[in-house]
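Order of the sequence lines fixes the chain letters, A, B, ..., with proteins taken first and strands second; residue numbering starts at 1 for each chain.
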Number of protein chains: 2
Amino acid sequence: MLYGEERKQLIQNYIEKHQRASVLQLCDAFNVSESTIRRDLKELEQDHVIKRTHGGAIALESVNFEPTVTEKSDRFLAEKQAIAKRAASYIQEGDTILIDAGTTTLPLVYEIKQFQSLTVVTNSVVHAELLKDSPQFEVIVPGGRLRHETQALVGPITDQTLSILHVDKAFIGTNGIDLEDGLTTPNLIEASTKQLMVQQASDAIVLADHSKFDKITFAKFADLSMIHHLITDDRVDDWYQTELDQIGVKLDIVKLQED
Amino acid sequence: MLYGEERKQLIQNYIEKHQRASVLQLCDAFNVSESTIRRDLKELEQDHVIKRTHGGAIALESVNFEPTVTEKSDRFLAEKQAIAKRAASYIQEGDTILIDAGTTTLPLVYEIKQFQSLTVVTNSVVHAELLKDSPQFEVIVPGGRLRHETQALVGPITDQTLSILHVDKAFIGTNGIDLEDGLTTPNLIEASTKQLMVQQASDAIVLADHSKFDKITFAKFADLSMIHHLITDDRVDDWYQTELDQIGVKLDIVKLQED
DNA sequence: TTGTTTATGATTGTATTTGACTGATTTTGA
DNA sequence: TCAAAATCAGTCAAATACAATCATAAACAA
């Protein structure tokens, strides 16, 4: 016969391994009543170890992931993953890189884990948290105020720190791309931070799926001519290629079908 | 016939080997009363050697395991939760608080979510990530280099940012507490950051379970007299109360039984 | 020796764990 | 949308385990 603590430990292990478990399943497994299982799950939830659901419980990670990357980004996840993969090919072992906050750059965090040695600067608490178990990387966070809308660190503290750093490559997200009005983002303070990111990089690389083109969203953070590479997907208009070529921006179009 | 200490040692060995033992089992094995076994188990638990359960005791964790900060099931979670709860009672609506990185302060993040308006400074990417969905808080991260061992942001960037901030209350963790040698932590750079935290707070509050007492761990970051409150659990020696009183530190002992 | 401390065991009232039961809530499917 | 089914929270009682207390006896100190 098991002690309650042992049972709870095993339930936790099971859920962490299988991501989910039902009350009845656990009843059967441990030969105890539903009441007991519910009490166990309640306590495990209070310990922030699992998340209860109607009928059972699920692991915590799976909840963390879904809501953060939310809304339409799910629809474009494949595009963003493909773009991130291409972006990772720009990186060389030993590089010092900067990864902007945002859902577009998030898949890049997973892509870079193949490298053995990088210095990674990121102003996203989510990105930084994902890198906490990668001791092969030197991870620098430029601090600042947490914008809850984008989980980015922004503001004067961020800018001041960024201004004393220089990186080989900066991977930057954007909300709007327009030939005339350049790169724009909805928030003024965030624009200031992005502007600095572009300035402090030898190679400013913008990651943007096709939906960002021909959009202007309030605050400009860079002229198109100030960036060096623009990685996007193959649903972007062809004529951008030549237009961007003329102002010295290399447009890198990722083919979604292949890959 | 065995001495008490011998019996305790054998109980500990047995549990470490078999992962579990019941009170009656041990009674039988050592030919002593239940009272005696319970007393032994109580002491072994206080030494953080085993975990008691109703009916017996279990090992703390499977042997091959090196506890990391990310460990969901922290060894002494209950103590830390109780301490965090008490710590939260020091906070007032509207306060500017600082929360140090570390497992002891982590439960405090959950406790503060009851408040409507706080400014929270934290040098932990894990803590910050947990606060990203609490828009009622102004969250400031003082940046820095990510120490993978503790998930804390440390180093010159951290220190420089902290030096221009001032908080009402700072909740700080520690690895060692000693009357003569003060508060210590194993890492020199982290000590520097903690030192600043103490300095920049109107009210420096140290959170530490009893196991931290009478320990010295390399790098000192503060004299005991420099902190204002020390929250711990009721397994700490009584005489600390009077000793700390003399140097102006208020010792706040959380009763674990009463929750 | 004689008084004191310490370890232990017996006793008693209290706490905890668990499963059954009840009514409330949520989900599901027509 | 509504009603049935499933799931849940809350309460209760029984069994077990517990803490607290006191008494005893051995070990210790004066």
*Can you find a side-chain donor-acceptor pair between B:Asp252 and B:Tyr90 that sits under 3.5 Å?*
yes
*If you measure only the distance, is there a donor-acceptor pair under 3.5 Å linking the side chains of A:Asn187 and A:Thr185?*
no
Kindly say whether [Y] contributes a backbone atom to a donor-acceptor pair with the side chain of [X] at under 3.5 angstrom?
{"X": "A:Gln25", "Y": "A:Ser22", "value": "yes"}
{"X": "A:Glu6", "Y": "A:Tyr3", "value": "yes"}
{"X": "A:Thr104", "Y": "A:Leu207", "value": "no"}

*Whichever of B:Gly4 and A:Ser35 has its nearest DNA chain C nucleotide further upstream toward 5'*: B:Gly4
*What nucleic acid atoms does B:Ile37 come within less than 4.0 Å of, heavy atoms only: base, sugar-phosphate, or nothing?*
nothing
_Under 4.0 Å, counting only non-hydrogen atoms across every strand here, what does A:Thr53 touch: a base, just sugar-phosphate, or nothing?_
sugar-phosphate
Between [X] ([atom1]) and [N] ([atom2]), how many Å, whole number?
{"X": "A:Lys42", "N": "D:dA9", "atom1": "NZ", "atom2": "C1'", "value": "7 Å"}
{"X": "B:Asp40", "N": "D:dA17", "atom1": "CG", "atom2": "P", "value": "18 Å"}
{"X": "A:Glu34", "N": "D:dA6", "atom1": "CD", "atom2": "P", "value": "11 Å"}
{"X": "A:Arg52", "N": "D:dT7", "atom1": "CZ", "atom2": "C1'", "value": "10 Å"}

*Heavy-atom contact window of chain B on DNA chain C, given 5' to 3' at under 4.0 Å*: C:dT8 to C:dT17
*asked:* Between A:His48 and B:Leu130, is there a side-chain heavy-atom distance shorter than 4.5 Å?
replied: no
*Ignoring backbone atoms, establish whether A:Arg39 has a side-chain N or O less than 4.0 Å from OP1 or OP2 of D:dT11.*
no
